[in-house]
Engineer: 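Take this structure, written in structure tokens, and hold onto it; I'll ask about it next.
Values below: all heavy atoms of this structure, side chains included; hydrogens, waters and symmetry mates excluded. Reminder, nothing fancy here: chain letters follow the sequence lines and each chain counts from 1.
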2 protein chains.
Amino acid sequence: MRPLEEWTTTLSTVELPETPPREDIKGEELQLGLHGQRLGFRVRRLHHLLSQRVEEAFVSYGLRPGSLTMMVLISANPGYSQVELSRIGNLDKSAIVMIVDELEKRGLAIRGRSSSDRRRNSLFLTAQGEKLMKEMHEIAMATEQPLRDGLSAEEYDQLFELLEKARTIVAAST
Amino acid sequence: MRPLEEWTTTLSTVELPETPPREDIKGEELQLGLHGQRLGFRVRRLHHLLSQRVEEAFVSYGLRPGSLTMMVLISANPGYSQVELSRIGNLDKSAIVMIVDELEKRGLAIRGRSSSDRRRNSLFLTAQGEKLMKEMHEIAMATEQPLRDGLSAEEYDQLFELLEKARTIVAAST
DNA sequence: TATTGTTATACTCTATAACTATA
DNA sequence: TATAGTTATAGAGTATAACAATA
């Protein structure tokens, strides 16, 4: 409802672009402009929304966001070292230290020291860790349920595969 | 090449899961485990990769990551207030202050004060801002070129539309 | 000399609350 | 009383470098 009006600025004279009356803008109300061409912008918005939902769902567990990520990777790759797991998880090896500290303190994971290479830790989940991982994974999957309901099975599978294909392509480009 | 071996832990006895020899694991080498079911995980990985590429491409400009985002939004919605623009940009109104400070300091944007409601700023890009925005947008688009080359036109359009559809669905779900 | 894990540091991003000036 | 912008602050996430133990 804001009418076209005058603006004062720090500069003495300014050319004032036309500002469309707010009621003319439908849908998203505000325009995306050049962002409309950016695939990365759309990925970013979806990621922001999804990670927000998961974070909310996990708040009662008091675990950092990366904790489930690490538990899943440890469970799927038992005995691997922290450095090896850091490669796949988009995480730095120093970040993993804190996460594993936390998991170990809660009895969810175990740091084993290799007898043949005593620099290396090797990570395992405890039975309790496996249980909590499955529980939190179900909760995370539940936050994605609207997508499985709202997209057709074909669309869902397509999105799933295209995301992976896109990642592979970008990763392969220098 | 790491053989199966013994581990010492802080616990006296530990059941040691089977660790597959490393050469048995192809492709990504490490297993995703339950993450393989998570659409959110794939979105996260793609987002991480793409934002990394854009950040690298922008490093010489010395502008924060949100600066191009704000310039595009200001350009597409001239005269709108900071609060209004914050709604669409996944940004807090306090975060916008710093970004606009920076843009104004560089002569890229102008804060106009509304004469009818003197609480409100209204934002415009300068000619220089418009020029830099277009330049940086081209660079950002160039980081996505591998996707336009590697995916078919159909796949690219599908991914584009499915990302938006997915966001709408998640946003609509409470 | 290189690697694993650790610690410390710093820098960004984000979220929050409090404050001001205006309405 | 509510809103727009600002400021300050604290928290999480990330990146870096340095270090000790080990290879």
Engineer: Just the endpoints, please: which first and last nucleotides of DNA chain D, 5' to 3', lie under 4.0 Å from a heavy atom of chain A?
Structural biologist: D/dG13 to D/dA23
Engineer: Any salt bridge linking B/E164 with B/R167? Criterion: basic side-chain nitrogen under 4.0 Å from a carboxylate oxygen.
Structural biologist: yes
Engineer: Does atom CD of A/E154 have more than 12 heavy-atom neighbours from other groups under 6.0 Å away?
Structural biologist: no
Engineer: Measuring only between side-chain heavy atoms, which start at C-beta, is B/M71 closer than 4.5 Å to B/L63?
Structural biologist: yes
Engineer: On the side chain of A/R119, is there an atom forming a donor-acceptor pair with the base of C/dT3 - under 3.5 Å, no angle test?
Structural biologist: yes
Engineer: What is the distance from CG of B/D117 to C1' of C/dA21, rounded to the nearest Å?
Structural biologist: 10 Å
Engineer: For A/L151 and A/E155, work out which heavy atoms get closest and say how close.
Structural biologist: CA-OE1, 3.5 Å
Engineer: Specify the separation, in whole Å, of atom CG of A/L85 and atom P of C/dT6.
Structural biologist: 13 Å
Engineer: For A/Q82 and B/R118, take the nucleotide of DNA chain C holding the closest heavy atom to each; which residue's nucleotide lies nearer the 5' end?
Structural biologist: A/Q82
Engineer: With distance as the sole criterion, is a donor-acceptor pair present between the side chains of B/N121 and B/Q82 under 3.5 Å?
Structural biologist: yes
Engineer: Please state whether the rings of B/Y156 and B/F160 are parallel, tilted or perpendicular, taking 30° and 60° as the class boundaries.
Structural biologist: tilted
Engineer: Would you call A/E84 and A/K93 a salt bridge, taking side-chain N to carboxylate O under 4.0 Å as the test?
Structural biologist: no
Engineer: With distance as the sole test, does A/R42 use its side chain to make a donor-acceptor pair with the main-chain N or O of A/Q37 at under 3.5 Å?
Structural biologist: no
Engineer: Would you indicate what B/V83 reaches in the nucleic acid, counting non-hydrogen atoms under 4.0 angstrom: base, sugar-phosphate, or nothing?
Structural biologist: sugar-phosphate
Engineer: Indicate whether OP1 or OP2 belonging to C/dT6 is found under 4.0 Å from a side-chain N or O atom of A/R111.
Structural biologist: yes
Engineer: In the 5'-to-3' direction, what one-character label does each nucleotide of nucleotides 12-17 of chain C receive under the scheme B = base within less than 4.0 Å of a protein heavy atom, S = sugar-phosphate only, - = no such atom?
Structural biologist: -SS-B-
Engineer: Without decimals, in angstroms, what is the distance between A/R113 CZ and C/dT4 C1'?
Structural biologist: 8 Å
